[in-house]
Amino acid sequence: MDFKNKLTNWYSDNKRSLPWRNTKNPYYIWLSEIILQQTQVKQGLPYYEDFIKQYPTVFDLANASEEEVLKLWQGLGYYSRARNLHTTAKHVAFELDGRFPNNYKDLLKLKGVGDYTASAVASIAFNEVAAVVDGNVYRVLSRYYGIITPINSTDGIKEFKKLASNLIDKEQPATFNQAIMEFGATQCKPKNPNCTICPLNESCMALQKNMIEFLPVKLKKTKVKTRFFNFLVCIDNNKNTLLEKRTSKGIWQNLYQFPLIESNKSLSSEEFHLLNIKDSVLDNLNFDYSLYNIEDIVHKLSHQHLYTKFWIIETKELPKKSIAIKEIKKYPVPVLISSFIDAFNFNDL
DNA sequence: AAGTCGGGGCT
DNA sequence: AGCCCAGACTT
């Protein structure tokens, strides 16, 4: 039996039962694929359930506000996915009368849809022969064929796409694509795969050469930038606080946060006192302040480490633009802010 | 071709 | 604490 048949047989015996596998509706397939970009099933599944419940059709998603979509996406990360999801929903609903593009080439034109997602939707929803190459496929193919070309190099991207395109089952592309990804996710795992029970272990090049732990090959690591954040958690006598929207490019675009002052080092209370926050943030109001966390809270993104202090600013009455503290959970915020809100007991004030 | 964009999990 | 995982887009 060849690679293709062993793989699809393994899949029919071992596939997980997942909600997006019970449908051919391109809206659901597309939604699941956007959620699962850079995200494992375990983390994405509850978000998928929330989204289809809240937005059963592409029209429901299109008619939502971006803020509502971001709120539902909160905690999943890579928030440009949510913004692009909303943009594409509006495009499909209002420009294409709710009908998704039904082929790889046209799917690729949608915002937030790259080579992987276009192939996934084209094959799974429309049975087009379009090979998917996600992180799982890179791992399976590099190990099975002993390919040492770095998977994130220009050559590697082309080489693996070509190989997957040659291997794909022309009769059942949807099943083949899902089979090879599922195989990578649960059998040919990144760490300590159980090769003794693998249906491909007799012909796996990496296993024969003891190379499993060294494949796939990936180039370089990004250098991590350190930043120092000071959030101003303002509280007045009417239980109001201040939130600001992050409108500029960069992390967390269009999410909300407490007013932020970035510094070039971790500030002491004395250094914080010298900041001119009275004029810049507080409309010239008098205030008392205290530091919530003595040790910096370190929030790690893939390419930035955020050393964070939350300063509690108490004042008599905040400016008009303030919001009621009890409304705070309606706003989409980064996990760093959400965790603080959960840990900080506003009721004690 | 290199850099940006989150968050979770494992050790 | 450090390391790994996983696509699309911008520069």
Side-chain angles (χ1 to χ4, degrees), chain A residues 30-47 70 72-88 107-121 130-142 149-158 160-161 164 177 180-182 184-186 188-193 212-227 229 246 248-255 257 295-308 332-340:
Chain A
W30 162 76
L31 176 60
S32 72
E33 292 299 344
I34 302 297
I35 287 174
L36 293 174
Q37 287 170 6
Q38 303 294 99
T39 304
Q40 305 207 332
V41 166
K42 189 185 173 191
Q43 191 192 3
L45 183 55
Y47 286 86
L70 284 171
L72 214 52
W73 197 272
Q74 179 178 306
L76 201 51
Y78 287 121
Y79 297 94
S80 65
R81 287 185 296 168
R83 298 191 301 269
N84 290 337
L85 182 86
H86 190 224
T87 300
T88 290
L107 284 160
L108 200 51
K109 296 173 186 166
L110 301 174
K111 253 204 171 59
V113 174
D115 182 86
Y116 164 75
T117 306
S119 303
V121 176
V132 294
V133 186
D134 74 341
N136 295 305
V137 176
Y138 280 122
R139 187 167 54 255
V140 171
L141 295 183
S142 69
T149 316
I151 61 173
N152 54 348
S153 65
T154 305
D155 285 351
I157 291 166
K158 279 162 65 177
F160 283 96
K161 179 74 179 182
N177 275 343
I180 191 169
M181 292 192 285
E182 186 79 343
T186 67
C188 196
K189 298 181 295 182
K191 296 268 179 66
N192 304 317
I212 293 287
E213 62 177 307
F214 303 112
L215 291 174
V217 175
K218 209 181 289 190
L219 287 176
K220 67 176 169 272
K221 37 208 81 203
T222 63
K223 49 176 184 271
V224 176
K225 193 163 117 190
T226 298
R227 303 173 71 179
F229 280 7
R246 294 183 64 94
S248 58
K249 296 177 99 175
I251 59 172
W252 302 330
Q253 190 183 359
N254 293 0
L255 273 65
Q257 65 186 11
E295 294 289 323
D296 284 1
I297 294 169
V298 185
H299 189 73
K300 293 179 172 182
L301 310 181
S302 49
H303 55 298
Q304 296 182 20
H305 287 357
L306 310 176
Y307 288 74
T308 306
V333 297
V335 164
L336 176 60
I337 301 297
S338 174
S339 300
F340 168 82

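Letters go in sequence order (proteins before strands), and every chain restarts at 1.
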Margin query: Does A:Lys300 contact C:dG2 through a side-chain donor or acceptor facing the base, at a distance under 3.5 Å?
Written below: yes

Notebook entry, point to check: What's the CH2-P distance between A:Trp252 and B:dT4, to the nearest Å?
Noted result: 16 Å

Next item on the list: Select base, sugar-phosphate, or nothing to describe what A:Arg83 touches, counting heavy atoms under 4.0 Å on all strands.
Entry: nothing

Notebook entry, point to check: Which listed nucleotide (B:dG8, B:dC5, C:dG2) is nearest to the side chain of A:Tyr78?
Noted result: B:dC5

Item checked: Whether A:His299 and A:Trp252 hold their rings parallel, tilted or perpendicular, with breakpoints at 30° and 60° -> tilted

Check: Given C:dG7, B:dG3, B:dT4, which nucleotide is nearest the side-chain atoms of A:Lys223?
Finding: B:dG3

Check: How would you label the contact of A:Ser153 with the nucleic acid (heavy atoms, under 4.0 Å): base, sugar-phosphate, or nothing?
Finding: nothing

Item checked: 5'-most by nearest nucleotide on DNA chain B - A:Val335 or A:Asp155 -> A:Asp155

Notebook entry, point to check: Yes or no on side-chain hydrogen bond (donor to acceptor under 3.5 Å, both in side chains) for A:Gln37 and A:Arg81, after CA distance, side-chain angles and deciding distance?
Noted result: CA-CA 9 Å; A:Gln37 287 170 6; A:Arg81 287 185 296 168; 5.0 Å; no

Notebook entry, point to check: To the nearest Å, how far apart are A:Asn84 CG and C:dT10 P?
Noted result: 8 Å

Note to self: So if I take every side-chain heavy atom of A:Thr117 and compare against C:dG2, C:dA8, B:dG7, which nucleotide ends up nearest?
What the structure shows: C:dA8

Notebook entry, point to check: Can you tell me how far P of B:dT4 sits from CG of A:Leu306, to the nearest Å?
Noted result: 14 Å

Note to self: From C-beta outward on A:Pro190, which listed nucleotide comes closest to its side chain: C:dG7, B:dG7, C:dC5?
What the structure shows: C:dC5

Next item on the list: Using atom CD1 of A:Ile297 as one end and atom P of B:dG7 as the other, report the distance to the nearest whole Å.
Entry: 14 Å

Notebook entry, point to check: Would one find a side-chain N or O of A:His303 under 4.0 angstrom from OP1 or OP2 of B:dC5?
Noted result: yes

Next item on the list: Name the nucleic acid region contacted by A:Tyr79, choosing base, sugar-phosphate or nothing; use a 4.0 angstrom heavy-atom cut-off, strictly under.
Entry: sugar-phosphate

Next item on the list: Tell me what A:Gln304 touches on the nucleic acid: a base, only sugar-phosphate, or nothing, going by heavy atoms under 4.0 Å.
Entry: sugar-phosphate

Next item on the list: Provide, to the nearest angstrom, the distance between the CG atom belonging to A:Leu76 and the P atom belonging to C:dG7.
Entry: 13 Å

Margin query: If we ignore hydrogens and angles and just use 3.5 Å, is the side chain of A:Arg139 paired with the main-chain N or O of A:Cys188 as donor and acceptor?
Written below: yes

Notebook entry, point to check: Below 4.0 angstrom from OP1 or OP2 of B:dG7, is there any side-chain N or O of A:His299?
Noted result: yes

Check: Counting heavy atoms not belonging to A:Lys111, are there more than 12 under 6.0 Å from its NZ?
Finding: no

Check: With a 4.0 Å cut-off on heavy atoms, is A:Ser302 in touch with a base, just the backbone sugar-phosphate, or nothing at all?
Finding: base

Item checked: A:Asn254 CG to B:dC5 C1', straight-line distance once rounded to whole Å -> 14 Å

Notebook entry, point to check: Just by distance, do the side chain of A:Arg83 and the backbone of A:Gln253 share a donor-acceptor pair under 3.5 Å?
Noted result: yes

Margin query: Considering every strand and a 4.0 Å limit on heavy-atom distances, what is the contact class for A:Tyr116: base, sugar-phosphate, or nothing?
Written below: sugar-phosphate

Checklist line | Rounded distance in Å - CH2 (A:Trp30) to P (C:dG7) | finding: 18 Å

Notebook entry, point to check: Within the structure shown, what part of the strands sits under 4.0 Å from A:Lys249 by heavy-atom distance: base, sugar-phosphate, or nothing?
Noted result: sugar-phosphate

Item checked: Between B:dG7 (C1') and A:Lys42 (NZ): distance, integer Å -> 13 Å

Next item on the list: Say whether, by atom type as modelled, one donor and one acceptor occur between the side chain of A:Arg227 and the main chain of A:Gln304 under 3.5 angstrom.
Entry: no

Next item on the list: Please determine, for the side chain of A:Gln37, which listed nucleotide (C:dC5, B:dG7, C:dA8) has the closest atom?
Entry: C:dA8

